[in-house]
Amino acid sequence: MSDALMIQAIARLVPQGARVLDLGCGDGALLAHLQQHKGCTGYGVELDDANVHACVQRGVNVLQLNLDEGLSLFADQSFDVVLQIDTLQHLRNAETMLQETVRVGRVGIVAFPNFAHWFNRLSVLQGRMPVTKRLPYQWYDTPNIRVGTFADFGDLAHKNHLQVVDAFGLQRGQEVRTLPNLMAGTAVYKLQRS
């Protein structure tokens, strides 16, 4: 989440003054932006030592937790917004964490690399796994446990009885609402309990 355009696009979805929990917050850039520009408060959750240190350096409150162990530390609806930006594809318990996101927050915002983007499809047709700005790793060293698509996530949300408040793609920081499964490198969903 170091890309400024991506941060701004996600920040537009977060209400002014919201209490935010950022799951897999990385170096804290998004949460710091929300604090500075939208008056938000809250916490980041991160496992990596270097990222935890970077959060502290930015003045972001951070908890060092393994998300695969769940969010039992947090009460129901204890945050206005729970963010999962570039996190879901790294988790072993992705479906459970999605449920936890909407349990702990009134609204969940999830963003992840859209594997169905046209360039990724072209790479696979050429017999290669895609390597892009959004998927920068080779197949053998990727931290992604799974890949998903804009369309797949919509099905998962429906299966889990989650209300999709908004859904669109991002490409170079710009919203893509026409054919996002094909035209967007990033899928973005804003969700809440039905």
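All values below were derived from every heavy atom in this structure, side-chain atoms included, with hydrogens, water molecules and symmetry-related copies excluded.
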What's the shortest heavy-atom distance between [X] and [Y], and which atoms?
X      : Y      : answer
Leu23  : Met97  : CD1-SD, 4.1 Å
Tyr137 : Val131 : O-CG2, 3.6 Å
Gly108 : Thr101 : CA-CG2, 3.8 Å
Leu88  : Ala94  : CD1-O, 3.5 Å
Thr149 : Ala116 : CG2-CB, 3.5 Å
Gln77  : Val102 : NE2-O, 3.2 Å

- Message: Exactly one of Leu67, Leu47, Asp68, Asn144 should register a side chain to side chain contact (heavy atoms under 4.5 Å, CB included) with His90. Which one does?
- Response: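 The option that passes is Asn144.
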For the [atom1] atom of [X] and the [atom2] atom of [Y], what is their distance to the nearest 0.5 Å?
X      : Y      : atom1 : atom2 : answer
Arg172 : Lys133 : CZ    : NZ    : 9.0 Å
Leu65  : Glu46  : CG    : CD    : 10.0 Å
Asp152 : Asn181 : CG    : CG    : 7.5 Å
Asn93  : Leu98  : CG    : CG    : 10.5 Å
Asp80  : Arg106 : CG    : CZ    : 5.0 Å
Asn51  : Cys25  : CG    : SG    : 7.0 Å

Between [X] and [Y], is any pair of side-chain heavy atoms under 4.5 Å apart?
X      : Y      : result
Val81  : Leu34  : no
His117 : Thr132 : no
Lys159 : Glu95  : yes
Tyr43  : Arg19  : yes
Val164 : Leu191 : yes
Glu175 : Leu170 : yes
Leu30  : Val20  : no
Phe115 : Val124 : yes

- Message: Could you go through Phe150 and Tyr189, starting from their C-alpha distance and side-chain angles, then the distance that decides it, and tell me whether this counts as ring-ring contact (aromatic ring centres under 6.0 Å, His included)?
- Response: CA-CA 9 Å; Phe150 184 90; Tyr189 276 83; 5.0 Å; yes
Treat each ILVMFWY residue as a node, draw an edge where side-chain heavy atoms are under 4.5 Å apart, and state whether [X] and [Y] are in one component.
X      : Y      : value
Leu156 : Val147 : no
Leu83  : Val107 : yes
Leu162 : Leu13  : no
Ile145 : Tyr140 : no
Phe112 : Phe168 : no

Crowded around [X] [atom1]? As in, over 12 foreign heavy atoms under 6.0 Å?
X      : atom1 : answer
His37  : NE2   : yes
Arg128 : CZ    : no
Gln174 : CD    : no

- Could you walk me through whether Lys38 and His33 pass the side-chain contact (heavy atoms from CB on, under 4.5 Å) check? CA-CA 8 Å; Lys38 298 204 88 170; His33 178 88; 5.6 Å; no
- Item | Side-chain hydrophobic cluster, 4.5 Å single linkage: members besides Val176 |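 Members alongside Val176: Trp118, Phe119, Leu122, Leu179, Leu182, Met183.
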- Hydrophobic cluster mates of Val165, side-chain heavy atoms under 4.5 angstrom, ILVMFWY only, any path?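 Val165 shares its hydrophobic cluster with no other residue.
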- Query: Counting only N and O atoms by type, is there a donor-acceptor contact under 3.5 Å from the side chain of Asp48 to the main-chain atoms of Ala50?
  - Reply: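 Judged by distance alone, yes, a pair lies under 3.5 Å.
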- Task: Apply side-chain contact (heavy atoms from CB on, under 4.5 Å) to Arg134 and Met6, showing your working.
- Result: CA-CA 11 Å; Arg134 291 293 295 130; Met6 178 96 111; 3.6 Å; yes
- Query: Have Asp27 and Gln57 got a donor and an acceptor in their side chains that come within less than 3.5 Å?
  - Reply: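 Looking only at side-chain atoms, Gln57 and Asp27 do not form any donor-acceptor pair under 3.5 Å.
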- Item | side-chain contact (heavy atoms from CB on, under 4.5 Å) between Asp166 and Arg177, worked out | CA-CA 10 Å; Asp166 196 5; Arg177 293 192 178 267; 2.9 Å; yes
- Message: Test side-chain contact (heavy atoms from CB on, under 4.5 Å) on Val60 and Asp22; report intermediate values, then the result.
- Response: CA-CA 11 Å; Val60 169; Asp22 188 355; over 6 Å; no
